[in-house]
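Structure first, then comments.
Throughout, a chain's letter reflects where its sequence line sits, starting with A, and its residues are numbered from 1. From a predicted model like this one, the values you see are computed outputs, not experimental measurements.
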Amino acid sequence: MATERQSSRGKRWLTYGGLGLCGVAAGLPFVWMLLASFMTEGETLRRVLLPEQVQWANYVLAWKEADFGLYFKNSLIIAVMQVGGTLLFSLMAAYPLARIPFRGREVVFVVILGTMMVPEMVTTGPNFLLINWLNRHSPIPWLNNWPALTIPFMASAFAIFLLRQFLRGIPGELWEAARMDGAGHLRFLLQIALPLCRAPLLTVGMFTFIGSWNSLAWPMLVTNTPEWRPISVGLQQFVSEAGAEVHLQMAGAVVSTLPVLLVYFLIQKEFTEGISLSGLKA
Amino acid sequence: MKKIPLREQAIAWGFLSPALLVLLVFGIWPIAYALYISLHRWRIKQEAFIGVDHYVRALSDPGLFNGFKVTLFYALGTIPAEMVLSTGLACLLFNILRGKGFFRVLYFLPYITPVIASAVVFRTLFSPHPSSLANRFWVFWGFENQRWLYENKSAVALGLKALGFSTYPAWVDTFFPSLALVSVILYNIWVYVGYDTVILLAGLSAIPRQYYEAAEIDGASPWQSFCQITLPLISPTLFFLATVAIIGTFKAFNHIYILRTPGARDTTDVLSVVIFDQIFQNHNSGYAAALAFILFIAILVLTLVQNRVLGRRVFYGD
Amino acid sequence: MRQTRLQRWLAWGVAWMAGACGSASPPPSQPSPDEVDPQGQAAVFWYQHTRERESALQEMIAQFNRENPHNIQVKGEYGGSYSHIYNKMLVGLQGGSLPQLVVAYQNQAQVYHSADGVVDLLPYMNSPKWGLSPEARADYIESFLEQDRMRGIQTAFPPNRSMEILYYNADWLRELGSDHPPQNWEEFAQFCRRAKAQPFSKAANPQRAVGYLLDMDASRLAAMVFSRGGDFIDPAQSQYNFITPEAKAALQLLVELAAEGAVEVLAEPNGDTSEFGSGQLLFAISSSSGLPFMKRAVDSGAKFAWGVAAVPYEGERPVVNVYGASVVLCRTTPEQQLAAWLFIKWFTEPEQQARWVRASGYFPARRSAASGLGAYFAENPNFQIAYGLLDYGKTEPTAPGYETVRRLVQNAMVDALDGAQLDPLLYQLTRSANATLEPE
């Protein structure tokens with residue numbers, strides 16, 4: 001008995017020790033970013049380890065200089081729209097790909113996957129031309145406005161693929177049982193499949209949020225004015241030819257990272273020890 | 001084969017239509033347009049139609065072959081390591097009793113830290129300077145200071161040098177990744193392990209508790225549980241991760257470009273970087289589009305092969 | 001003498017390329033600007049400036065909008081960094097929308113021109129009604145305008161420039177036995193060696209002492225080659241030529257000093273600024289636009305006396321590498337183009353130039369701007385010293401494909417420092433560089 005407890009304690013120490021050590025490596029960039037955001041410019045140039053005084057002024061300056069309030073709001077609206085659209089449309093698309101054996105299903109799946117396989121820099125040009133065309137021919141402007149920043153991203157092959165995997169994993173008996181109860185596809189999707197997909201939906205939502213929040217190249221291309229400029233573009237303000245003002249850049253980066261961290265922290269609580277199927281057997 | 005009722009098919013297409021519309025307009029159309037570009041001489045504006053000239057040229061372009069080689073090294077270096085590390089990490093983070101939330105956030109940090117910050121940290125840690133952490137660690141074990149991201153000689157060549165071989169055949173440099181590339185690989189593993197782990201955590205949390213409970217009652221060991229319950233039931237997620245990893249590493253750009261140094265020469269130029277250079281340095285959009293298409297075909301083939309080989313092993317529960 | 005041969009060479013190279021590219025048709029002709037009325041036009045200006053430079057620029061734009069007699073309204077927009085702007089222009093040229101004015105490097109301007117995206121500025125400069133007076137025209141530093149000229153077409157206009165200069169730690173030099181910056185490369189090498197042996201007394205880390213940190217960049221090598229009286233091109237042959245005694249001498253010196261540890265390879269972005277500021281680096285060679293940054297580094301670092309000078313030279317006079325981004329006039333409508341020209345003309349008037357210099361730290365393109373800079377010179381003596389060197393300016397090649405050649409030069413520098421034989425290396429470099437001049 002005693003040896004068993006000892007060995008399990010030893011194992012626990014090993015586990016936590018290993019996790020902690022690797023965790024240090026994992027957390028290092030964030031810690032450095034945090035420390036640098038509190039340094040003066042001189043301290044960042046002299047590569048000191050810790051700032052002498054906490055320079056809260058960096059945050060104030062970064063917020064004002066880069067009009068962060070506006071950019072924050074823009075990033076938030078854009079991210080929420082992208083997440084909403086992606087979750088809805090991708091779940092809808094994943095369902096038939098997983099559970100309805102229609103004609104051409106495999107081809108459609110491969111085509112959808114195919115959209116992920118081309119490097120962005122080559123599709124950016126044609127997409128921009130398309131946006132310009134839409135800008136000229138649609139009632140609402142697309143450039144410098146929310147449509148160009150959100151609509152192209154409202155369906156994601158990545159999301160469709162992940163959700164399809166999960167939906168395929170739902171046992172066939174559940175579907176048979178629902179069928180016998182007289183449920184159609186829509187009811188099955190909403191009442192049975194959706195709750196089971198909580199984890200992947202949250203995951204997709206979070207990754208979409210992060211992708212949207214950090215995305216730089218596309219917003220840079222489709223916004224010229226500050227109105228709809230997101231925070232990722234705003235952060236570029238601190239990079240100039242004479243060298244980046246690292247302390248301000250890092251302050252901006254920390255502010256920009258906090259919402260992402262928050263979202264992740266809230267989400268990961270949902271990844272619990274595994275769902276219980278017992279209630280559904282009835 | 002059973003004939004599928006029309007109503008079912010209509011429902012299927014109905015569900016698919018919004019996403020399909022977006023993807024066709026903003027995903028497929030640009031690809032088709034890029035194909036169109038690749039068939040013309042196209043520096044900035046469309047010029048003459050030249051058919052497959054770009055493709056023919058690509059077949060004898062040493063830059064393209066180097067790009068493929070570097071990308072292959074990169075994929076082989078990152079994917080297996082990431083999958084193994086993230087699976088282990090996910091299982092650990094799922095089962096430990098204390099500090100679950102804290103550790104999960106900690107391991108995800110490299111992925112959400114803006115690239116500028118994580119790249120600067122990595123460059124500092126792996127600086128060629130003798131005082132950098134990597135060099136101090138390396139010297140501690142009795143080796144020489146390395147130039148890390150600035151080293152275009154292969155890691156194997158350096159190993160041979162350390163063992164005392166002052167000369168070695170040239171193929172040692174060509175057929176093994178450079179130290180700079182190894183450093184870039186380390187950086188990317190560091191960044192993406194957290195990302196893979198999160199996806200696996202989602203997969204683990206979809207496994208019904210009852211299965212584990214039943215296994216325990218039957219007297220199964222943790223390893224047996226893992227092999228017979230966990231692995232099969234997260235295999236759809238693992239398959240997803242492997243596919244996404246292959247597509248992602250072959251397309252990878254940002255986290256590699258930011259670590260590019262003059263000293264590394266072209267040993268860290270993955271295909272996306274080669275394409276990028278064609279557009280922004282050589283101002284040749286037509287040729288770049290052709291290269292992108294070749295890359296696309298390569299990824300497509302790899303994905304289909306992987307689908308065939310691994311797809312059968314995936315357990316879907318029905 | 002050299003200049004006209006350079007022009008001929010550029011004309012030859014570009015004509016060959018343009019013809020081979022298939023865009024052999026002449027660009028659509030422009031109506032003479034004299035007939036055009038710019039009244040009430042709007043012009044958009046894309047720039048890459050941020051923070052203080054952007055605020056100053058926006059203020060100047062607002063002033064122009066208020067004061068100009070034609071009610072022209074200019075709108076300045078931050079377009080991102082140079083590469084972001086270039087990206088936007090590439091897609092804009094394909095049928096999107098173009099701004100009226102945009103910042104561009106010489107090779108980018110040439111790319112835009114080859115796609116008929118920008119107009120020739122000479123008709124505007126020479127227009128009797130809207131152009132420059134002969135005095136104004138003479139006031140511009142000719143070499144700047146020439147840098148932006150190609151085959152007799154003024155593709156871009158220079159609002160400002162920067163140059164490669166030598167930053168030196170004066171206090172440390174004194175400790176090493178000299179009271180003036182190195183005049184030639186032999187002195188430079190001598191003091192690099194001495195610096196390595198004798199660290200600076202006020203250095204943050206007394207163990208660390210380096211003479212010079214080499215940045216693997218074509219502009220650095222260009223500065224070293226130019227200052228020895230050499231060049232990257234061979235005017236007689238109208239091609240690139242690196243098989244020159246100057247290029248070899250430059251690389252040889254670096255290799256020797258690196259072997260002794262007196263010169264190291266730059267290993268982090270802004271590493272030279274940070275080490276210079278900490279008193280660990282004796283010499284730095286980089287752009288004059290980094291002067292304020294260097295000042296801040298020293299003031300928050302080891303706080304010592306420092307100065308700038310021309311890069312060490314052989315011969316009677318210094319030769320400095322001058323470069324910088326210009327502004328191009330995009331092909332939109334004749335009215336908008338004229339409006340944009342009027343803005344850039346106003347922006348490069350001496351008064352505005354002096355104001356822009358004060359805000360940005362760039363050098364002006366007009367000599368008479370100096371008369372408004374008395375106070376600025378007094379506050380920034382180093383800037384004044386560098387300003388005095390403008391007449392000795394020389395520019396890197398501006399042929400199409402030079403971007404690729406820069407990368408080739410960079411690779412050659414890496415190989416040289418890795419121990420490659422210099423003669424075959426320079427031969428191979430010349431061959432590869434000249435391959436970029438050939439039509440595709």
For G252(A), is there any backbone N or O sitting under 3.5 Å from a side-chain donor or acceptor partner on S256(A)?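 No.
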Check: S232(A) side chain, S215(A) main-chain N or O, donor-acceptor pair, under 3.5 Å: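 Between the backbone of S215(A) and the side chain of S232(A) there is a qualifying donor-acceptor contact (under 3.5 Å).
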Would you please say whether a donor-acceptor pair under 3.5 Å links the side chains of [X] and [Y]?
| X | Y | result |
| --- | --- | --- |
| T237(B) | Q165(A) | no |
| S38(B) | Y287(B) | no |
| E8(B) | H185(A) | yes |

What part of [X] gets within 4.5 angstrom of chain B, counting heavy atoms only: side chain, backbone, both, or neither?
| X | answer |
| --- | --- |
| M250(A) | side chain |
| C197(A) | neither |
| I210(A) | side chain |
| R105(A) | neither |
| I131(A) | side chain |
| L19(A) | both |
| F161(A) | both |
| V204(A) | neither |
| T123(A) | both |
| L134(A) | side chain |
| L88(A) | neither |
| I160(A) | side chain |
| F158(A) | both |

Could you tell me if the ring centre of Y187(B) sits under 6.0 Å from that of F126(B)?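 That pair fails the under 6.0 Å test.
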Are F209(A) and Y264(A) an aromatic pair by the rule of ring centers under 6.0 Å?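 Centroid distance F209(A)-Y264(A): not below 6.0 Å, so no.
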Selection from [options] maximising heavy-atom pairs under 4.5 Å formed with chain A:
| options | value |
| --- | --- |
| F276(B), Y33(B), W190(B) | W190(B) |
| V191(B), T124(B), L93(B), T243(B) | T243(B) |
| F250(B), F102(B), F280(B), F239(B) | F239(B) |

Could you look at [X] and say if it's the side chain, the backbone, both or neither that has a heavy atom under 4.5 Å from chain A?
| X | value |
| --- | --- |
| Y36(B) | neither |
| I279(B) | side chain |
| F240(B) | both |
| F103(B) | side chain |
| A117(B) | both |

Just say parallel, tilted or perpendicular for the rings of F293(B) and F296(B), cut-offs at 30° and 60°.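 The rings of F293(B) and F296(B) stand perpendicular, inter-plane angle above 60°.
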Going by the salt bridge (charged side-chain N to carboxylate O under 4.0 Å, His left out) test, which pairs reach into residues 245-257 of chain B, not counting sequence neighbours?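 Found E120(A)-K251(B).
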May I ask you to name which of [options] has the most heavy-atom pairs under 4.5 Å with chain B?
| options | result |
| --- | --- |
| N214(A), L130(A), V260(A) | L130(A) |
| G18(A), C22(A), A157(A) | C22(A) |
| G27(A), A155(A), P152(A), S90(A) | P152(A) |
| T257(A), V24(A), N127(A) | N127(A) |
| V118(A), T115(A), V111(A) | V118(A) |
| A36(A), A253(A), A25(A), A217(A) | A25(A) |

Indicate every side-chain donor-acceptor pair of residues 16-24 of chain B with a distance under 3.5 Å to a residue at least two apart or in another chain.
unit_1, atom_1, unit_2, atom_2, d
S17(B), OG, W13(B), O, 3.4
S17(B), OG, G14(B), O, 2.7

Check: [Y] and [X] side chains under 4.5 Å, non-hydrogen atoms:
| X | Y | answer |
| --- | --- | --- |
| Y107(B) | T197(B) | no |
| F26(B) | F153(A) | no |
| V120(B) | V246(A) | no |
| L89(B) | D196(B) | no |

What are the two closest non-hydrogen atoms of T71(B) and L271(B), and how far apart are they?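 Distance-wise, the nearest heavy atoms are OG1-N, 3.0 Å.
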Between OG of S235(B) and CG of L310(B), what distance do you get to the nearest 0.5 Å?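 Rounded to the nearest 0.5 Å, the OG-CG separation comes out at 10.5 Å.
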